[in-house]
Every structure is written in structure tokens, then in C-alpha cells.
Amino acid sequence: MEQILLPADIPEILEKYGNLLYNYPQIAPKDFIYGNYKVRLHQWEFLTPTDC
Amino acid sequence: MMTATIFKETEKDIENAYESQNKSKIEKETSYVLSQIIVIMLGTFKNRLKEITFDTTYLHFNEQYILSDQNRLALLKWLKRLMMLSQRTTDLEFGKLKLDLEEWYYRISSQDISFDYRDDYLIKPKQAAELLGVSNVTLNKYMKQGFEHIDTSSHNKIPKHAVDLWKDPVYCIKMQYLYQEKKRLRQTPEERLSEVHEEQMQYKKKYKTLDIEKAFEGMDIDAMDDPSDYYEWRDLLEEEEELTNLIIGAKNME
């Protein structure tokens with residue numbers, strides 16, 4: 001079955017699954033201890049530590 | 001603060017408006033809740049906020065969104081938050097309210113809302129970098145990705161809540177998402193292309209070569225501890241190609 005891929009609803013994803021995300025401010029000075037979000041032309045990239 | 005009677009009445013009106021799917025009533029309830037948020041925020045947070053302004057004189061709603069169940073839930077949630085607001089709100093809680101209002105306003109209208117802060121609520125980028133435990137260079141990178149800052153010649157340009165929000169895993173992403181989303185809407189492909197070039201230049205400088213293949217020659221990307229530079233650089237090259245095609249195509253069509 002063909003499925004249409006709808007644009008991701010980031011606020012809704014954050015609302016539903018935000019509890020899985022973590023930041024690690026105590027292990028500075030690594031950049032990616034904080035969540036990193038970048039929009040590209042056809043995709044978005046979401047780099048963040050999680051607890052799973 | 002909102003009284004319990006008004007809260008209950010408004011809650012009822014919202015539910016009725018959605019039950020009957022009455023567009024005018026839904027618009028009226030949405031406008032009412034929005035104006036209440038602004039009035040209550042300005043009154044409660046006088047020590048942080050000078051004013052809230054809009055980039056339009058006429059509020060035009062996104063019909064699809066405001067009629068949706070998502071907006072019904074958002075309205076009810078805002079009401080509850082307004083009931084609970086107190087003057088002892090922390091910078092973090094204030095920041096969350098501000099960002100959520102910005103996001104909701106963007107959803108209902110696709111427009112911008114601006115917050116003008118009191119001077120003593122702003123700190124220097126250097127102080128913000130220290131509080132986050134990162135260098136000034138890294139903070140600049142964060143600012144390009146959406147770390148809140150005021151476009152001003154003054155040294156104090158970071159609202160205090162930005163630091164706390166950045167430490168919060170959800171709001172850190174939300175801040176970047178909103179900033180980039182709004183920026184992307186205003187940007188032409190040519191402007192984006194120049195940013196893509198600038199970002200690529202950072203990798204070229206870091207790896208001291210023009211070529212991504214040379215930079216990662218002999219490395220097993222999948223086995224790397226942190227392959228993010230490789231993937232980001234590769235994505236930038238792809239985006240460069242797509243943007244160039246778009247620009248050339250657009251010019252050929254003229």
C-alpha cells in the first residue's frame with residue numbers, strides 16, 4: 001500500500017515524546033550535549049541524547 | 001489573572017463553538033484567548049517585558065488550523081495556564097510561556113510576534129556562554145541555529161530565559177525549530193545558498209581541504225564515534241546542488 005509521508009509536526013512530536021529527550025550540560029565543552037535541530041531542503045535533522 | 005467564573009464561561013464557550021463547528025465563534029474565542037494571554041503576560045511580567053508587538057495590523061487566521069481539534073486543545077490549555085500564572089514565575093517558566101505563545105501565534109496566523117524586553121532582563125553573550133559552559137564561538141553557532149538574541153548594537157542582547165530554555169531538552173529544540181521555520185519562509189533560495197556555502201567553508205577550514213572525500217579518506221564513517229561532521233557536510237553538498245538547480249531552473253523559466 002502506498003503511504004503519503006506528511007510533513008513532520010515538530011511541536012506535536014515534542015509534546016508526545018519530549019519526555020524521552022535529555023540534555024547533558026554537565027559534560028561541557030562538547031557541542032552536542034544540547035539538542036541540535038537543523039532544517040534542510042527536504043529533511044530536518046534532530047540530534048539529541050535520549051534515555052532509551 | 002483570570003477569575004474562575006470567567007475561566008469556566010470561556011471553557012464552555014470554546015467547547016460549544018467547536019461542537020457546532022461555528023467558524024465565527026471559534027475565531028472569536030481564539031481572538032479572546034490571544035488577547036487575554038497578551039494582557040495578562042504584560043501585566044504579570046512588567047519586570048521582564050516592555051511590550052509585545054505584531055507585524056500586522058489585521059489578524060488573519062489559518063482556517064484549517066483554528067478549526068482543528070489541535071486548536072481546541074491549545075485554547076483549553078492556555079486557559080488553564082492563565083489561571084495558574086503568578087508573579088513568582090521563574091525565568092524558565094516565563095521563557096516557556098513566551099516560546100509557546102510565539103509558536104501558537106505562528107500556527108494560528110503564520111505571522112510573527114515580537115517581544116521587547118527590559119534592559120536589565122538582558123545579559124551579554126559572554127555571560128550566556130559561561131552559564132552554558134561553552135565557548136563564545138559555540139554560542140555564536142547556537143545563535144545562528146536559533147538561540148534567542150536581540151538584534152541590537154548594545155552588548156546586552158540575550159534574554160535571561162534563553163539560557164534556561166537551552167538547557168531544557170524540549171524547549172531547546174522548539175526554540176531552534178521556530179527560528180529556522182520562520183527564517184526559511186522569509187529566505188530566497190539565493191540567500192539560503194550563500195548560507196550553505198558559508199557552512200561548507202567551516203568544514204573546509206576545519207579539515208583543511210576542499211573535498212569531503214579527502215577529509216574523511218581512509219575512515220570508516222559507520223565506525224566513527226561522532227560521524228556528524230561527515231553527514232552534515234554531505235547534506236550541505238546535496239542541498240547546494242538542489243538549490244543551484246532550483247535557481248537555474250527558475251531563471252530559465254523567465
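Letters go in sequence order (proteins before strands), and every chain restarts at 1.
- For OH of A:Y17, the number of neighbouring non-hydrogen atoms (other residues, nucleotides, ligands) closer than 6.0 Å is 12 at most.
- A 6.0 Å sphere centred on CD of B:Q187 holds more than 12 heavy atoms belonging to other residues, nucleotides or ligands.
- Two residues are said to be in side-chain contact when any heavy atoms from C-beta on lie closer than 4.5 Å; A:K38 and B:D235 fail this criterion.
- Here the straight-line distance linking atom CD1 of A:I10 with atom CD1 of B:I173 works out to 8.5 Å at 0.5 Å rounding.
- Summarising the local packing, CE of B:M219 is surrounded by more than 12 heavy atoms from other residues, nucleotides or ligands at distances under 6.0 Å.
- Between chain A and the options B:E181, B:K183, B:Q145, the largest number of non-hydrogen pairs under 4.5 Å is found for B:Q145.
- Counted within 6.0 Å of NZ on B:K182, heavy atoms from surrounding residues, nucleotides or ligands total more than 12; the atom is thus considered enclosed.
- No more than 12 heavy-atom neighbours from other residues, nucleotides or ligands sit within 6.0 angstrom of CD on B:Q64.
- Residues A:Y34 and B:L132 come closest through the heavy atom pair OH-O, 2.7 Å.
- Salt bridge A:E15/B:K174: absent, no basic N to carboxylate O contact under 4.0 Å.
- A:L21 CG to B:D168 CG: the interatomic distance, rounded to the nearest 0.5 Å, is 9.5 Å.
- For B:E195, no part lies under 4.5 angstrom from a heavy atom of chain A.
- The number of heavy-atom neighbours closer than 6.0 Å to CD of B:E191, taken from other residues, nucleotides and ligands shown, is above 12.
- The number of heavy atoms from other shown groups lying within 6.0 Å of NZ (B:K77) does not exceed 12.
- The minimum heavy-atom distance linking B:C172 with A:G35 is given by the pair SG-O, 3.5 Å.
- Using a 4.5 Å cut-off between heavy atoms, B:D100 makes no contact with chain A at all.
- Ranked by non-hydrogen atom pairs under 4.5 Å with chain A, the options B:Q180, B:Q70, B:E103 are led by B:Q180.
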